[in-house]
Trainee: 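Pasting a structure here, questions to come.
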Amino acid sequence: QVQLVESGGGLVQAGGSLRLSCTASRISFRLYAMGWYRQAPGKQRELVAVITSGGSTNYADSVKGRFTISRDNAKATVYVQMNSLKPEDTAVYYCNAENTRNVFWGQGTQVTVSS
């Protein structure tokens, strides 16, 4: 089965940093756009950042200038570097892989930012 496995979540103080990783298996990683989404309590799931198979990136306005998405095709891994974290960044973060025919999701990793 296709697997997307996230790691790197945890508890951090406001102003701190975390780096999340997502490693994919059993897919042709280079053919997929990879994204990070998050869902906070009482809110809808929202796109945080996406990187296409060609390397183009897009970010939610709320994280521009603070978060950076990248991918390592040799390792079949997508990362998001999260700096200057705020309490409102607290959420479950999900890894996503999409192409024209398939959509896959990881199980999520909790990020908690304390004030």
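For reference, positions follow the sequence shown, starting with 1.
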Trainee: At what distance, to the nearest 0.5 angstrom, does CG of L4 lie from CD1 of I27?
Mentor: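 Nearest 0.5 Å value for the CG-CD1 distance: 6.0 Å.
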
Trainee: Only distances under 3.5 Å count here; give the side-chain donor-acceptor pairs of residues 100-115 to other protein atoms, sequence neighbours excluded, each with its distance to 0.1 Å.
Mentor:
residue	atom	partner	partner atom	Å
N102	ND2	Y32	OH	3.4
T109	OG1	G9	N	3.4
Q110	NE2	A91	O	3.4
Q110	NE2	T112	OG1	3.3

Trainee: Is the terminal nitrogen or CZ of R71 (NZ for Lys, CZ for Arg) located under 6.0 angstrom from the six-membered ring centre of F29 and within 45° of that ring's axis?
Mentor: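 Yes, cation above the ring, under 6.0 Å and within 45°.
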
Trainee: Charged N to carboxylate O below 4.0 Å: is that the case for D89 and K86?
Mentor: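 No, D89 and K86 are not salt-bridged.
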
Trainee: Side-chain heavy atoms under 4.5 angstrom apart, residues restricted to Ile, Leu, Val, Met, Phe, Trp, Tyr: same cluster for V92 and L47?
Mentor: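 Shared cluster, yes.
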
Trainee: Side chain of E6, backbone of C95: donor and acceptor closer than 3.5 Å?
Mentor: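 Pair found, side chain donor or acceptor close to backbone of C95.
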
Trainee: Could you tell me the separation between the CG atom of L18 and the CD atom of Q81, rounded to the nearest 0.5 Å?
Mentor: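 One gets 8.5 Å once the value is rounded to the nearest 0.5 Å.
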
Trainee: Quick one: closest heavy-atom pair of A33 and V50, and the distance?
Mentor: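 Reported closest heavy-atom pair: CB-CG2, 4.5 Å.
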
Trainee: Please round to the nearest 0.5 Å and tell me the distance separating atom OG1 of T52 and atom CG of N99.
Mentor: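 Between T52 OG1 and N99 CG, I get 12.5 Å after rounding to 0.5 Å.
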
Trainee: For E88, look at atom CD and say whether over 12 heavy atoms of other residues, nucleotides or ligands are found less than 6.0 Å away.
Mentor: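 Enclosed: over 12 neighbouring heavy atoms sit under 6.0 Å from CD of E88.
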
Trainee: Which distance, rounded to the nearest 0.5 Å, do you find between the CD1 of I51 and the OH of Y79?
Mentor: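 Those atoms lie 11.5 Å apart.
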
Trainee: If you define the side chain from C-beta out and look only at heavy atoms, does anything of F67 sit under 4.5 Å from L85?
Mentor: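 Result yes, sub-4.5 Å side-chain heavy-atom pair found.
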
Trainee: Can you check whether S17 reaches N83 side chain to side chain, under 4.5 Å on heavy atoms?
Mentor: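 Yes - at least one pair of side-chain heavy atoms lies under 4.5 Å apart.
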
Trainee: If every non-hydrogen atom of A97 is compared with every non-hydrogen atom of M34, which pair is closest and at what distance?
Mentor: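 Heavy atoms of A97 and M34 come nearest at CB-SD, 3.6 Å.
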
Trainee: If every non-hydrogen atom of R66 is compared with every non-hydrogen atom of S84, which pair is closest and at what distance?
Mentor: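 R66 and S84 have their closest heavy atoms at NH1-O, 3.0 Å.
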
Trainee: Kindly compute the distance separating CG (L20) from CZ (R38), expressed to the nearest 0.5 Å.
Mentor: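 Between atom CG of L20 and atom CZ of R38 there are 11.0 Å.
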
Trainee: For S7, enumerate each residue passing the side-chain contact (heavy atoms from CB on, under 4.5 Å) test, keeping only those at least two apart in sequence or located in another chain.
Mentor: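 Per chain and number, S7 pairs via side-chain contact (heavy atoms from CB on, under 4.5 Å) with S21.
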
Trainee: Please find the pair of heavy atoms, one from I69 and one from W36, that lie closest to each other, and give the distance.
Mentor: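 Taking every non-hydrogen atom into account, CD1-CD1, 3.7 Å.
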
Trainee: Backbone N or O of Q39 within a donor-acceptor pair of the R45 side chain at under 3.5 Å?
Mentor: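 Side chain of R45 to backbone of Q39, a donor-acceptor pair under 3.5 Å: no, none is there.
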
